Amino acid sequence: MNTFSYFISDFILITGILLAVFSGFQFKNLTPKWHLRFLNTILVLMLLGFIPFVSSFLKSTNLDIFSNFPPFADYSLSFLSGSINITPLNIFFKFLITFTALIASLLSFGFVKKLNRKISNFTSLYLLSILGGYGVCVSGDLITMILSIEILSVSICFLISSFYNKKDKEKNSLEAGLKYFIISGVATAFMLFGISYIYINLGSLNFSDINTMMINKILPVSPLLNIGEILFFLALTFKIGVFPFYIWVLDVFKGSNYSIGIFITSTVETIGMIALIKAACTLGCFGSILNFALILCACITLIAGSLMALRIVKKEGDIKDFLSSASVANLGYVFLGAAFLTKNSIMASIFCLIVYLISNFGLWAGFMLVVRNLRKYTLKNEVSKYETEYGAKKLYVDENLGAIKGLAYISPSFTTLFTICLLSLAGLPFMAGFNAKFYLFSNILKSGIFSVYPLLFAGFASVLAIYFYFKIIYFMFQKPENLKVYKKKTLFNKANIYVFILSMTAFILITGFFFSKPVINVINNLI
């Protein structure tokens with residue numbers, strides 16, 4: 001029974017995939033609403049599959065109220081000759097992936113209704129990509145990890161392309177899917193090339209075997225081994241969207257739907273960070289060359305992402321461009337913690353990832369609500385361009401950052417909640433984002449005196465982040481020439497899923513500033 005408990009969510013996930021594919025063939029007249037309800041139901045059931053482990057997680061907080069909770073028995077198991085490993089950290093990662101996928105699915109409800117008959121493809125591919133993430137979490141060797149990553153990559157490629165429509169503004173989604181497919185193929189080639197060198201020098205790709213070699217101090221010293229590990233980790237950076245494979249984030253977001261964008265910046269990038277952390281815990285013992293290469297990539301990511309976000313904000317550019325560049329900049333901090341390859345830095349990296357995900361959901365919920373208002377209530381004289389097809393005019397609007405001007409005059413409550421999320425991402429006090437950055441920087445400093453230099457880059461990126469996030473706040477309080485676009489039937493002051501998630505995010509970010517210690521204790525006990 002204990003063994004079955006580890007795979008409850010996996011069985012529910014596989015069943016959901018099969019039902020989604022079956023419904024696509026047998027029930028072609030089902031509306032997108034029913035498919036999305038089915039998707040959310042499956043994700044909720046998958047979350048319920050982690051109930052046997054909740055007591056262990058709560059006990060790990062070291063709070064007195066949970067001290068009498070019994071821990072889950074036989075918490076670590078291995079299957080298929082070590083190819084699949086079950087550990088407390090792997091279970092926590094699976095829970096994190098499921099939770100982020102559920103929130104992303106709820107926020108996507110208003111942006112996938114137009115898929116109609118393609119909605120069954122969206123549901124099955126969405127669940128299939130989560131299955132690839134589960135495989136990354138439980139992988140015990142490099143082969144299992146790469147196969148799981150490829151399942152994820154192929155699913156994301158078709159998810160992006162599924163929104164292609166000649167009559168729609170998002171007709172560039174096919175081009176975006178093709179770009180993702182090509183760059184993903186290049187990254188996979190680098191990854192396979194790297195693990196071939198690792199296998200030649202070590203004779204094994206199993207994580208436990210490599211750890212045994214490290215403990216017994218029988219790791220060979222070879223330039224080819226260093227080249228192999230660097231190639232492997234650089235290929236993993238593609239999944240995270242950081243340097244050197246970070247340009248695809250901006251290119252793909254331009255042609256993809258908002259529902260795909262939030263799924264990539266939350267679930268997909270979380271899976272990429274999990275793969276990086278799992279590999280770093282094993283392969284990080286090879287020497288300082290890998291350490292230097294990863295830290296360099298993290299520093300370039302921080303500066304490049306922050307400068308791109310700054311340029312887009314100053315030009316009042318496209319909302320998608322800002323969201324993509326901001327995700328690159330924010331994940332640079334998480335990447336920097338993992339790049340130092342120490343227990344303390346990796347623990348801080350995981351905590352920083354959790355805080356980033358919470359803040360990111362608030363950021364996307366706010367901007368998606370803005371976009372929905374723009375698309376639904378923009379007046380004819382404020383539309384920037386038209387497109388005529390089949391004798392009918394299609395109405396489009398520029399979805400740029402200037403659209404948020406004047407929101408403080410329309411909805412003070414929305415402005416307050418959105419400002420809290422922006423301040424947390426900027427890393428200011430009394431927000432969980434401040435705790436995340438402070439905890440990350442303090443643990444990185446424990447790595448040695450040379451860690452000061454990467455932190456200088458991180459500090460500069462933080463200053464840039466404060467500037468462009470405050471610029472967005474300034475936009476909301478800047479009175480525009482015409483407020484008619486928001487005055488009638490506005491969604492900002494109505495109860496909906498975007499307002500609810502934004503409210504919960506703001507509440508968690510404020511309370512997280514005062515109650516971060518229990519979460520850190522859980523992560524420490526898991527690692």
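None of these values were measured; they are calculated from a predicted model. As a basis for the values below, the full set of heavy atoms in this structure was taken, side chains included, without hydrogen atoms, waters or symmetry mates.
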- Note on the structure: salt bridge (Lys or Arg N to Asp or Glu O under 4.0 Å) filter on Lys278, not counting sequence neighbours, yields none
- Task: Starting from the C-alpha separation in whole Å, work towards a yes-or-no answer on side-chain contact (heavy atoms from CB on, under 4.5 Å) for Leu152 and Ile271.
- Result: CA-CA 9 Å; Leu152 171 68; Ile271 295 171; 3.8 Å; yes
- CG on Leu236 to CG on Leu276, rounded to 0.5 Å: 6.0 Å
- Item | Side-chain donor or acceptor of Ser325 paired with backbone N/O of Phe322 under 3.5 Å | yes
- Taking atom CG of Asn40 and atom OG of Ser108, what is their separation to the nearest 0.5 Å? 9.0 Å
- Quick one: does Val138's side chain get under 4.5 Å of Asn85's, heavy atoms only? no
- Item | Phe38 atom CZ, over 12 foreign heavy atoms within 6.0 Å | yes
- Answer whether the closest heavy-atom distance between the side chains of Thr237 and Phe335 falls below 4.5 Å. yes
- Message: Checking Ser345 now: which residues fulfil side chain to side chain donor-acceptor pair (under 3.5 Å) with it, not counting sequence neighbours?
- Response: Thr342
- Query: So, for Leu302 and Ala329, which heavy atoms are closest and what is the spacing to 0.1 Å?
  - Reply: CD2-O, 3.5 Å
- Query: Is there side-chain contact between Tyr467 and Val313, with heavy atoms separated by less than 4.5 Å?
  - Reply: no
- Sequence neighbours excluded, which residues qualify as ring-ring contact (aromatic ring centres under 6.0 Å, His included) partners of Phe193? Tyr197
- Message: Just so I know, are the side chains of Leu336 and Pro454 near enough to count as touching, which here means a heavy-atom distance under 4.5 Å?
- Response: yes
- Item | Lys NZ or Arg CZ of Lys320 over Tyr258 ring: under 6.0 Å, within 45° | yes
- Straight-line distance of Cys157 SG to Leu125 CG, nearest 0.5 Å: 10.0 Å
- Listed by chain and number, what are the side-chain contact (heavy atoms from CB on, under 4.5 Å) partners of Ser9, not counting sequence neighbours? Met46, Phe50, Lys94, Tyr134
- Residues passing the salt bridge (Lys or Arg N to Asp or Glu O under 4.0 Å) test with Glu316, sequence neighbours excluded, are Lys405
- Message: If I take atom CD1 from residue Ile508 and atom CD1 from residue Ile420, how far apart are they, to the nearest 0.5 angstrom?
- Response: 12.0 Å
- Query: Between OH of Tyr498 and CZ of Phe414, what distance do you get to the nearest 0.5 Å?
  - Reply: 12.0 Å
- Are any of the side-chain heavy atoms of Asn330 and Asn360 separated by less than 4.5 Å? no
- Query: Can you list the residues that meet the ring-ring contact (aromatic ring centres under 6.0 Å, His included) rule with Phe263, with sequence neighbours excluded?
  - Reply: Tyr126
- Query: Ser424: what forms a side chain to side chain donor-acceptor pair (under 3.5 Å) with it, not counting sequence neighbours?
  - Reply: Ser359
- Given the rule in the side-chain contact (heavy atoms from CB on, under 4.5 Å) test, do Val21 and Leu18 qualify, once you have shown the distances and angles that lead to the verdict? CA-CA 5 Å; Val21 174; Leu18 296 176; 5.9 Å; no
- Query: Around atom CZ of Phe457, are there more than 12 heavy atoms of other residues, nucleotides or ligands at under 6.0 Å?
  - Reply: no
- Polar side chain donor-acceptor pair, Tyr333 to Ser462, under 3.5 angstrom: yes
- Message: In the structure I gave you, are the side-chain heavy atoms of Phe122 and Leu159 within less than 4.5 Å of one another anywhere?
- Response: yes
- Message: Check this for me: Phe207, atom CZ, are more than 12 non-hydrogen atoms of other residues, nucleotides or ligands nearer than 6.0 Å?
- Response: yes
- Query: Any side-chain heavy-atom pair from Ile227 and Ile230 closer than 4.5 angstrom?
  - Reply: no
- Task: Could you list the residues that satisfy salt bridge (Lys or Arg N to Asp or Glu O under 4.0 Å) with Lys437, not counting sequence neighbours?
- Result: none
- Message: My understanding is that only residues two or more places apart in sequence, or in another chain, count here; which of them pass ring-ring contact (aromatic ring centres under 6.0 Å, His included) with Phe11?
- Response: Phe4
- Item | Under the side-chain contact (heavy atoms from CB on, under 4.5 Å) test, residues paired with Ile497 that sit two or more places apart | Leu106, Phe500, Ile501
- Note on the structure: Ser148 meets the side-chain contact (heavy atoms from CB on, under 4.5 Å) criterion, sequence neighbours left out, with Val136, Thr144
- Item | Closest heavy-atom pair and its distance - Ala235, Phe190 | CB-CB, 3.9 Å
- Leu47 CG to Ile12 CD1 distance, which is reported to the nearest 0.5 Å: 9.5 Å
- Only counting residues at least two apart or in another chain, list the ones meeting side-chain contact (heavy atoms from CB on, under 4.5 Å) with Leu192. Ile146, Thr188, Ile195
- So do the side chains of Met476 and Leu422 get within less than 4.5 Å of each other, counting heavy atoms only? yes
